[in-house]
Amino acid sequence: QVDLVESGGGSVQAGGSLRLSCTASLYGHSMCMGWFRQAPGKEREEVAAIYAGNDSKTHYADSVKGRFTISQDYATNTVYLQMDSLKPEDTGMYSCAAFMRGWVACPPRSVDEYNYRGQGTQVTVSS
């Protein structure tokens with residue numbers, strides 16, 4: 001069992017920045033960590049993922065490339081999502097998830113393969 005706790009959400013004006021944190025109760029080099037968002041009436045979208053192995057390979061959705069940065073801190077079992085140049089369409093509930101077999105693929109072929117999910121933190125971007 002891996003518990004995930006997100007923090008750092010809030011309200012910000014367009015063009016602003018926020019940094020989200022996801023702290024895991026267990027963090028190992030075989031894991032793949034993903035950040036998701038879901039806006040009301042829309043499907044959940046995977047926005048970024050990072051492999052906890054040595055190469056720390058990252059993956060981004062086209063909608064956030066160049067604006068969001070995912071990173072990890074092994075010392076604190078924490079994955080961060082730095083969000084810059086925020087837009088109103090970035091508004092949503094952001095949550096993190098852990099896939100325990102990250103060496104197979106990161107992100108996994110299906111979002112349903114993630115093993116654990118956090119409760120989420122709300123991000124609101126006003127115009």
Begin from the C-alpha positions of R67 and D90 and carry the test side chain to side chain contact (heavy atoms under 4.5 Å, CB included) through to its verdict.
-> CA-CA 11 Å; R67 301 188 298 119; D90 294 318; 2.7 Å; yes
If you measure only the distance, is there a donor-acceptor pair under 3.5 Å linking the side chains of S71 and Q82?
->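 Absent: no donor and acceptor within the cut-off.
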Any luck finding a side-chain donor-acceptor pair between S17 and D84 under 3.5 Å?
->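 Yes - a donor-acceptor pair under 3.5 Å links their side chains.
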How close do [X] and [Y] get, heavy atom to heavy atom, and via which atoms?
X: R109; Y: E113; result: N-OE2, 3.4 Å
X: P107; Y: E46; result: CB-OE2, 3.4 Å
X: V123; Y: M83; result: CG2-CE, 3.9 Å
X: P88; Y: S127; result: CG-CB, 3.9 Å
X: R117; Y: V111; result: NH2-O, 2.8 Å

Linking I/L/V/M/F/W/Y whenever their side-chain heavy atoms sit closer than 4.5 Å, directly or via other members, would [X] and [Y] fall into one cluster?
X: Y80; Y: V12; value: no
X: Y74; Y: L4; value: yes
X: F99; Y: I50; value: no
X: V2; Y: Y94; value: yes
X: L81; Y: M93; value: no

Determine, step by step, whether R37 and S63 satisfy the side chain to side chain contact (heavy atoms under 4.5 Å, CB included) criterion, reporting the C-alpha distance in whole Å, the side-chain angles of both residues, the deciding distance to 0.1 Å, and the verdict.
-> CA-CA 12 Å; R37 69 184 178 191; S63 58; 3.4 Å; yes
In terms of ring plane angle, is the pair F36 and Y114 parallel, tilted or perpendicular, where the classes change at 30° and 60°?
->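 The rings of F36 and Y114 stand perpendicular, inter-plane angle above 60°.
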Does any non-hydrogen side-chain atom of [Y] lie less than 4.5 Å from one of [X]?
X: S11; Y: S126; answer: no
X: E6; Y: S95; answer: yes
X: D3; Y: Y116; answer: no
X: T23; Y: T76; answer: no

Does Y51 offer a backbone N or O that forms a donor-acceptor pair with the side chain of Q72 under 3.5 Å?
->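 A pair under 3.5 Å: yes.
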Check: H29 side chain, A52 main-chain N or O, donor-acceptor pair, under 3.5 Å |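 Here the side-chain-to-backbone pair exists.
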Evaluate the criterion side chain to side chain contact (heavy atoms under 4.5 Å, CB included) for residue pair F68 and L86; output intermediate values, then yes/no.
-> CA-CA 9 Å; F68 290 12; L86 283 162; 3.9 Å; yes
Side chain to side chain contact (heavy atoms under 4.5 Å, CB included) assessment of T91 paired with Q122 | CA-CA 8 Å; T91 294; Q122 178 67 34; 4.1 Å; yes
When rounded to the nearest 0.5 angstrom, what is the spacing between CE in M33 and OG1 in T78?
->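 Those atoms lie 9.0 Å apart.
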Other residues, nucleotides, ligands: >12 heavy atoms within 6.0 Å of N54 CG |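 It does not: N54 CG has 12 such atoms or fewer within range.
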